[in-house]
Each structure stands twice: as structure tokens, then as C-alpha cells.
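Quick note: numbers below take in every heavy atom, side chains included, and nothing from hydrogens, waters or symmetry partners. For the single chain, residues carry numbers from 1 onward in sequence order.
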Amino acid sequence: MTAQNRLYLDHAATTPVLPEARAAVVQALDHWANPSSPHADGRASRAALEQARRDIADALSWRHDIILTSGATEAIAIVAERAKVAGRAYGATEHDAVGAAMGSEATILRVDEAGVTDLTKLEETLSRGPALVAVQQVNNETGVIQPLEEIAKRVRSADSLLLADCAQGAGKLPLPDADFITVSAHKLGGPPGIGALLVKDIATLAGSGGQEKGYRRGTENAPAPAGFAAALQSRAFVDAMPRLERLRSRLEHLLLAEGALGVASSADRSPAIGAYAMHGVGSASQLVQFDLAGIAISAGSACSSGSMKTSRVVEAMGVPIDVASCVIRVSFGPDTNEDDIDRFVAEWCRIRERAKSRAA
């Protein structure tokens with residue numbers, strides 16, 4: 001199977017670097033000096049870095065502070081450790097990085113069967129005192145979009161702070177009104193190893209000293225933000241979203257007609273992500289068979305799918321274990337087309353038929 005014949009449907013894990021982003025990084029490598037150095041070379045590198053920061057802000061329509069990080073995971077950790085409120089709470093279906101950063105004492109907010117945060121549980125938690133509340137904009141495994149406008153109202157009325165993990169939404173959907181927003185470039189066509197923490201009021205975050213206005217230590221990565229900005233400026237994902245909505249509708253129509261079960265199919269979801277179960281065929285087995293057929297998909301988050309454990313996200317939604325163990329994730333990029341959908345569905349049917357033959 002050559003690289004040209006492979007079909008990539010795992011964009012929620014990471015996206016191919018867009019040509020515009022690649023070119024911007026190469027050009028930015030001319031400014032190789034340390035941006036914190038006072039000499040002319042350092043100043044040139046600093047100027048390029050700050051221009052990229054402004055471009056990222058403009059592309060995201062963000063008018064407040066931006067702390068550049070190595071990715072969303074680091075950005076989440078910064079807020080979890082240093083947000084100036086005592087309590088910590090996060091949704092049951094958040095990315096693993098959130099639970100790891102918030103700690104074992106944090107309150108976990110349950111979700112309903114559609115994967116949406118239980119607002120009653122949220123209000124109960126907020127009644128105990130101000131807290132940092134972390135809720136994703138778009139779930140990385142199911143594509144479920146959280147009602148962040150309603151959540152934000154409740155959080156603010158309780159003198160608390162809202163952290164929105166927008167790794168799967170930035171550059172694709174409008175950003176929510178949150179106190180902290182985390183973004184990762186490699187989820188939207190930018191280079192890996194660069195992300196951002198958007199901060200509405202920098203006074204709500206304790207500093208650490210060092211670079212990034214004293215909120216992150218370490219030599220700044222000057223070239224990567226240029227690629228990040230270029231990926232956002234290309235609008236590759238956001239312009240593709242209406243078409244991806246149609247493609248996912250086609251995929252679901254065909255799969256459900258063949259007996260697949262859609263996860264959270266009644267919920268408001270990102271057009272770029274879908275999760276489906278094939279009854280009686282485990283997620284790991286499906287991944288291997290699709291891969292052998294030249295199709296790249298995943299079973300839940302790429303950060304944990306290597307363990308091949310049943311997704312805790314679908315478990316938190318109350319999906320029965322015999323179904324949860326058979327769920328795969330399909331995620332689209334700007335170049336995904338109808339032929340790709342048809343190829344995936346045809347292979348899905350072949351895998352199901354082989355399973356039926358073995359069971360007979």
C-alpha cells in the first residue's frame with residue numbers, strides 16, 4: 001500500500017501541515033536567533049514572533065493576551081496550576097490532559113447520554129465557592145459541542161473562571177466567550193509543537209517568570225508561530241465546514257443503513273468528527289483491518305488509543321460496554337471528499353461481513 005493510496009480520516013488526532021504553514025515556517029527560519037537576545041539578530045527574531053502573535057490574534061478575533069505554548073496540553077496545565085481561584089472542576093468527557101492537570105481533588109461534572117454537561121451538577125459545584133471550570137468546546141472523540149454560552153453565564157455569576165479547550169474548534173468554529181481558551185496548531189493544519197493560551201484578563205493568572213511576559217519559561221519557538229498563523233489565515237478548515245457537514249451526513253446515512261450505531265448522533269456536533277459502533281467487532285480489530293486496507297482512523301483520543309482500552313468518554317455517556325468497546329472515530333480534513341466516504345463505507349461493510357462469516 002503506497003502513501004498515495006492511503007486514506008487519512010484521523011484529522012482530529014493531527015492534521016497534515018498545510019502548504020501555507022510549511023512555507024511560513026521555512027521563511028521564518030531565517031530569523032533563527034533567540035527572540036530574547038538584545039542584539040539586532042534577536043530583535044529581528046522578536047519582531048517576527050510578535051507579528052505571528054498578532055496574526056494569530058487577528059485570525060481568531062481575539063483582542064486580549066496570548067501566551068504561546070508548546071500546545072493545548074501545556075496551556076491547560078498552566079491554567080490548572082495558576083488560575084487565581086481555589087476550586088477545580090471539569091467535565092467527565094474532557095481530554096485526558098485536563099484530568100491530569102486539574103488533579104485528583106477536582107470535581108468531575110457528569111454528562112448526559114448525549115455527552116452534554118449536566119448544568120444542575122455544575123450549579124451544585126459552583127455553590128461551594130469560586131472555581132476554575134474546564135469544559136471543551138468540541139469533544140475530541142465524539143464531536144459533541146458543549147453549550148458554553150449557558151455554562152459561561154453560570155460560571156461568571158458564581159465569580160468563577162471558565163477554561164475552554166478549543167483544540168478541536170479553533171480555526172473551524174467561532175471561539176466561545178471564556179476566560180481561558182487553549183488552542184493547538186496541529187489540529188488545524190499548522191506545525192506540531194506550537195499552541196496558545198488565550199487569556200481574557202491576565203490578572204486572573206499567576207505568573208511564573210521567564211518568557212511570554214513572565215507566564216512561561218523557556219526559549220521561544222519563533223518559526224512555529226508563523227506556521228500557526230499561516231494555517232489560520234488560510235481558512236482551510238473553516239471554509240470547508242459546510243461541505244464537511246454534508247459529507248458527514250452522507251457517511252452517517254450510509255453507515256446507519258448498514259446497521260452502524262452513531263454515538264451522540266442527536267447532539268449538536270462538529271461536522272469534522274463522527275463516532276460509530278460496529279456491533280460485535282472490537283475497536284482494536286477494526287483499526288487493524290482499516291489500516292491494512294489503507295485507511296487511517298482511530299478509537300477515541302490518539303493520546304490514549306494506544307492502550308486500546310474502552311473509551312472513558314463513551315462510558316461517561318452511559319453507552320453500554322458491549323457497544324462502547326466497538327466504537328471508532330472518523331474525522332475529516334479540508335481535502336476529504338465523497339469518494340473517500342464511499343471507500344470508507346465499502347470497507348466498513350467488508351469488515352462487518354467478515355465478522356459475520358466468522359461467527360456463522
Side-chain angles (χ1 to χ4, degrees), residues 11 14-79 137 164-175 178 180-202 205 207-239 333-334:
H11 292 266
T14 197
T15 56
V17 178
L18 292 165
E20 300 93 329
R22 187 186 300 269
V25 171
V26 170
Q27 183 177 2
L29 286 170
D30 290 337
H31 303 292
W32 45 263
N34 190 321
S36 294
S37 295
H39 47 62
D41 303 285
R43 295 197 303 273
S45 183
R46 167 63 61 186
L49 175 64
E50 295 307 323
Q51 183 60 57
R53 193 192 310 271
R54 288 191 294 272
D55 290 341
I56 291 167
D58 288 343
L60 293 173
S61 299
W62 187 253
R63 298 295 175 258
H64 309 285
D65 284 291
I66 293 182
I67 299 169
L68 295 172
T69 68
S70 62
T73 296
E74 184 193 2
I76 289 165
I78 289 172
V79 180
Q137 180 186 32
D165 171 10
C166 294
Q168 297 293 345
K172 303 167 189 176
L173 303 171
L175 293 180
F180 307 103
I181 292 174
T182 62
V183 182
S184 189
H186 78 101
K187 304 291 190 181
L188 49 83
I194 184 69
L197 171 59
L198 314 187
V199 185
K200 179 170 286 187
D201 180 1
I202 202 71
L205 192 68
S208 64
Q211 287 74 19
E212 290 297 302
K213 301 180 182 179
Y215 287 88
R216 180 182 188 256
R217 292 185 180 276
T219 301
E220 292 121 324
N221 179 352
F228 189 178
L232 286 166
Q233 290 171 327
S234 76
R235 295 182 56 87
F237 272 89
V238 70
D239 288 346

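Heavy-atom minimum distance, Ala170 versus Val183: CB-CG1, 3.6 Å. Contact detail for Leu205 and Tyr215: the closest heavy-atom pair is O-CE2, 3.2 Å. For the residue pair His31 and Ser45, the shortest heavy atom distance occurs at O-OG, 3.5 Å. Between Ala230 and Ala21, the shortest heavy-atom distance links the atoms CB-CA, 3.9 Å. Smallest separation of non-hydrogen atoms from Leu29 and Pro223: CD2-CG, 3.5 Å. Closest approach of Leu49 and Pro35 over heavy atoms only: CD2-CB, 4.1 Å.
Salt-bridge annotation for Arg54 and Glu50: absent, with no side-chain N of the basic residue lying under 4.0 Å from a carboxylate O of the acidic one. The pair Glu212-Arg53 meets the salt-bridge criterion, since a charged nitrogen lies less than 4.0 angstrom from a carboxylate oxygen. Using a cut-off of 4.0 Å between Lys/Arg side-chain N and Asp/Glu carboxylate O, Asp58 and Arg63 are scored as salt-bridged.
Counting only heavy atoms from C-beta outward, the side chains of Pro38 and Arg43 never approach each other to under 4.5 Å. Taking 4.5 Å as the limit, every side-chain heavy atom of Leu60 sits out of range of all side-chain heavy atoms of Ile181. A 4.5 Å side-chain heavy-atom check between Leu232 and Asp55 finds every atom pair outside the cut-off. Looking only at side-chain heavy atoms (C-beta outward), Ile66 and Leu197 stay at 4.5 Å or farther from each other. A 4.5 Å side-chain heavy-atom check between Leu18 and Pro16 finds every atom pair outside the cut-off. Looking only at side-chain heavy atoms (C-beta outward), Val199 and His64 stay at 4.5 Å or farther from each other. With contacts defined as side-chain heavy-atom distances shorter than 4.5 Å, the pair Leu188/Phe228 qualifies. Side-chain atoms of Leu198 and Leu175, non-hydrogen and from C-beta on, do get closer than 4.5 Å to each other.
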Applying side-chain contact (heavy atoms from CB on, under 4.5 Å) to Gln168 and Lys187, what does each step give before you reach the verdict?
CA-CA 7 Å; Gln168 297 293 345; Lys187 304 291 190 181; 3.9 Å; yes
Side chain to side chain donor-acceptor pair (under 3.5 Å) between Glu220 and Ser36: does it pass, once the steps are laid out?
CA-CA 8 Å; Glu220 292 121 324; Ser36 294; 3.1 Å; yes
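Between atom CD of residue Gln211 and atom CG of residue Asn221 there is a gap of 12.5 Å, rounded to the nearest 0.5 Å. With values rounded to the nearest 0.5 angstrom, Ile56 atom CD1 is found 10.5 Å from Gln51 atom CD.
Each of Lys200, Arg216, Lys213 was compared with Asp65 under the salt bridge (Lys or Arg N to Asp or Glu O under 4.0 Å) criterion, and only Lys213 meets it.
Evaluation of the side chain to side chain donor-acceptor pair (under 3.5 Å) rule for Gln27 yields no partner, not counting sequence neighbours.
Side chain of Ser234 to main chain of Ala236: a donor-acceptor pair is present (N/O by atom type, distance under 3.5 Å, no hydrogens or angles). Side chain of Gln137 to main chain of Pro174: a donor-acceptor pair is present (N/O by atom type, distance under 3.5 Å, no hydrogens or angles). A distance-only check finds no donor-acceptor pair linking the side chain of Ser37 to the backbone of Gly42 [under 3.5 Å].
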